[in-house]
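Counting starts at 1 for both ligands and their atoms, in listed order.
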Amino acid sequence: MVKIRNGHPCTIVIKLGTSSIVHETTHQPLLSTLSAVVETVVHLRSQGHKVVLVSSGAIGVGLQRMDMASRPKSLSGKQALAAIGQGRLIALWDNLFGQLGQPIAQVLLTRGDISDRTRYLNAVNTFKELLSMGVVPIVNENDTVSVSEIKFGDNDTLSAITSSMIHADYLFLLTDVDGLYTSNPRKDPTARQIEVVTSISAIRKEVSTTTLGSSLGTGGMETKLIAAEIATAAGVITIILSSKHPDNIYGIIQYYNRHLPKPVSVPPTPREPLSGRTSPTMRIESANVSRSPSPILTRPPHTMFTAANVPMRDLKSWTSHTLFPSGSVIIDSGAHHVLSRRESGGRLLAAGVLGVIGAFASGQAVRIVIQRKPDGSTSPQDADGTEHTAPRLDELATTRPTTPTLFAASSLSSSVTSLEPLTRSGSSTDLAENMTALKPLGHATEDDVVLVEKTEVDESDLVEVGRGLANYNSAQITRVKGLNSTYLSQVLGYADSEYVVENITIRVPPL
Ligand SMILES: N[C@@H](CCC(=O)OP(=O)(O)O)C(=O)O
């Protein structure tokens with residue numbers, strides 16, 4: 001029976017960083033903190049909440065096991081230590097949770113595991129099943145096999161993506177300070193804690209994020225802001241609080257249950273809640289608005305980031321945060337304006353495309369980028385700097401290079417500056433081998449072998465404004481760039497969609 005009196009059962013993700021798990025110099029586990037987290041999680045479970053723990057610390061525990069003073073510099077060294085430490089870390093959690101009869105599960109993820117939509121949905125189902133069984137999943141990055149292209153990079157980001165995957169109500173980022181400050185509170189006595197953040201881009205200008213973070217972890221305040229950006233966009237209220245007082249989590253949940261703001265009406269979304277969560281119309285707009293006649297509760301110290309009133313749909317959230325983009329599509333400023341409007345549906349027509357960077361197959365994620373003018377603003381210029389005018393169909397034969405340069409598929413995830421011509425006479429066998437070697441990262445197959453025009457673009461002139469899913473491969477988009485969509489089938493021989501990229505989320509609107 002669910003014993004909820006105040007409020008509703010929630011789905012909660014709690015992230016604990018390395019500095020809260022092992023001692024910074026001795027690397028011994030911080031048993032009192034870990035025990036307090038376990039007691040908190042078990043208490044939340046007894047109230048009917050579903051809880052997922054994202055636990056860093058594998059490398060820290062590995063350092064202690066091997067009696068090493070600091071993190072190795074090499075990737076393989078870090079991966080070996082994570083392999084040594086992860087087993088002991090999960091054994092430690094299992095032991096502590098076991099004392100209170102709480103079953104746990106280990107979930108190790110890489111970005112590569114969830115960059116395929118089917119595997120992503122399988123991971124979501126596994127979480128769903130574990131939570132419905134009353135288990136606490138304990139998540140970490142699968143460091144032993146993670147390389148840069150498939151890395152989340154830090155567990156703040158991993159916890160935000162996890163919260164978005166399971167449609168959590170709350171993400172608690174436990175760290176060594178009790179919130180976001182205007183400057184480093186350890187050095188600056190005038191540092192002021194920020195209680196509620198409604199705009200992360202605005203708050204970035206007010207706070208210093210560079211000074212915090214430990215020598216063991218990979219995160220810090222900047223990665224917490226990025227995590228808050230991802231989670232709040234997916235509708236998850238995000239809280240930064242001190243790992244020394246994990247029991248404040250109840251106080252915070254109670255506080256927001258009591259001090260709920262006025263309801264905000266939002267259109268129904270296709271999100272299927274994992275828990276009997278509060279109505280999507282009960283989003284918190286401001287912590288200062290009280291609708292309850294009950295006495296005001298004490299506010300435990302923390303920083304709260306308000307969740308988006310209209311959460312990003314699951315597919316868009318997956319596209320923009322989970323997938324590693326395989327290339328970029330350069331758009332003009334007109335397309336940027338149109339895509340920034342909700343009515344655009346996040347769909348890009350070929351007419352707004354200036355160029356393509358990198359080699360990608362249809363179905364892969366791409367960055368949507370714009371070009372900066374020399375004065376820092378953006379202009380509708382073509383990739384080579386000339387003013388953009390859409391080519392007429394009869395000009396196409398002459399505007400296309402007769403011998404396009406063939407680029408190795410090993411550049412699937414990089415920009416044109418790192419594209420190495422495979423070979424001028426590039427045999428398709430070489431390319432096919434390259435594609436096969438790379439298959440785990442994307443969806444490119446031998447059939448998707450693409451010829452990419454070399455676009456001379458200085459990467460520093462490009463600004464990523466969003467991400468989307470390509471409907472055509474890079475070579476095809478290059479061929480139809482600037483064209484009216486009615487010409488697509490004539491140029492390509494078919495047209496499955498009039499849009500070249502769909503499911504676009506624009507994160508940087510036009511100035
Ligand atoms: N996956 C790594 C931790 C990476 C990480 O983000 O650490 P932190 O910045 O302490 O949250 C580990 O288990 O050691």
Side-chain angles (χ1 to χ4, degrees), residues 13-30 33-34 37 52-66 68-94 104 106-114 137-163 171-177 180 209-231 238-244 246 321:
V13 175
I14 300 174
K15 186 263 171 177
L16 207 57
T18 309
S19 63
S20 309
I21 293 178
V22 296
H23 189 276
E24 193 162 0
T25 47
T26 65
H27 308 141
Q28 281 176 336
L30 300 170
T33 304
L34 301 187
V37 169
V52 172
L53 198 59
V54 176
S55 166
S56 304
I59 295 175
V61 172
L63 285 172
Q64 189 218 11
R65 182 72 184 95
M66 301 312 290
M68 286 166 68
S70 55
R71 279 164 72 99
K73 297 261 178 300
S74 72
L75 175 66
S76 56
K78 284 190 264 252
Q79 290 181 316
L81 275 177
I84 296 162
Q86 180 62 33
R88 288 173 71 85
L89 178 67
I90 207 73
L92 183 56
W93 282 122
D94 195 31
I104 61 150
Q106 172 177 259
V107 180
L108 297 179
L109 293 173
T110 63
R111 203 184 277 270
D113 292 327
I114 53 172
I138 302 188
V139 185
N140 196 358
E141 175 136 31
N142 195 354
D143 295 304
T144 310
V145 295
S146 276
V147 288
S148 57
E149 284 87 349
I150 56 166
K151 237 182 167 353
F152 292 105
D154 63 85
N155 278 4
D156 294 323
T157 304
L158 172 60
S159 66
I161 290 174
T162 304
S163 325
L171 166 62
F172 288 93
L173 298 168
L174 269 55
T175 184
D176 46 8
V177 279
L180 181 65
T209 53
T210 49
T211 43
L212 301 176
S214 74
S215 60
L216 284 178
T218 50
M221 270 308 151
E222 181 53 37
T223 56
K224 291 192 176 42
L225 290 188
I226 294 169
E229 228 159 17
I230 296 171
T238 304
I239 312 270
I240 298 179
L241 78 162
S242 166
S243 59
K244 294 203 178 69
H321 302 304

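Less than 4.0 angstrom separates some heavy atom of Ser56 from each of these atoms of ligand 1: 3 (C), 5 (C), 7 (O), 8 (P), 10 (O), 11 (O), 13 (O). Atoms of ligand 1 lying under 4.0 Å from any heavy atom of Asp154, numbered from 1 in the order shown and given with element: 6 (O). For ligand 1, the atoms sitting less than 4.0 Å from at least one non-hydrogen atom of Lys15 are 8 (P), 11 (O), numbered in the order shown with element in parentheses.
The distance criterion of under 3.5 Å between nitrogen or oxygen atoms is not met by Leu16 with respect to ligand 1. Of the polar atoms of Gly17, none of the N or O atoms is found under 3.5 Å from an N or O of ligand 1, judged by distance alone. The shortest N/O to N/O separation between Glu141 and ligand 1 does not fall below 3.5 Å. Residue Asp143 has at least one N or O atom closer than 3.5 Å to an N or O atom of ligand 1. Looking at ligand 1, you'll find an N or O of Asn140 within less than 3.5 Å of one of its N or O atoms.
A side chain to side chain contact (heavy atoms under 4.5 Å, CB included) with Met68 is found for one member of Ile59, Ile84, Leu63 and no other, namely Leu63. Results of the side-chain hydrogen bond (donor to acceptor under 3.5 Å, both in side chains) test with Ser56 over Asp143, Asp156, Asn155 single out Asn155 as the only residue that passes.
At a heavy-atom cutoff of 4.0 Å, ligand 1 is contacted by both the backbone and the side chain of Thr18. Residue contacts with ligand 1, taken as heavy atom pairs separated by less than 4.0 Å, do not involve Gln86 at all. Contact annotation for Ile59 and ligand 1: heavy atoms of both the backbone and the side chain come within less than 4.0 Å of the ligand.
Considering every non-hydrogen atom in both Ala58 and Leu89, the closest pair reads N-CD2, 3.7 Å. Closest of all the heavy-atom pairs between Pro72 and Leu81 is CD-CD1, 3.3 Å. Among all heavy-atom pairs drawn from Ala231 and Thr238, the shortest one is CB-OG1, 3.4 Å.
A donor-acceptor pair is defined here as one N or O able to donate and one able to accept, closer than 3.5 Å; such a pair exists between the side chain of Ser243 and the backbone of Thr175. A donor-acceptor contact shorter than 3.5 Å is absent between the side chain of Lys15 and the backbone of Leu174.
Taking the side chain as every heavy atom from C-beta outward, Val177 and Met221 approach each other to under 4.5 Å.
For Ala82, the closest heavy-atom approach to ligand 1 does not fall below 4.0 Å.
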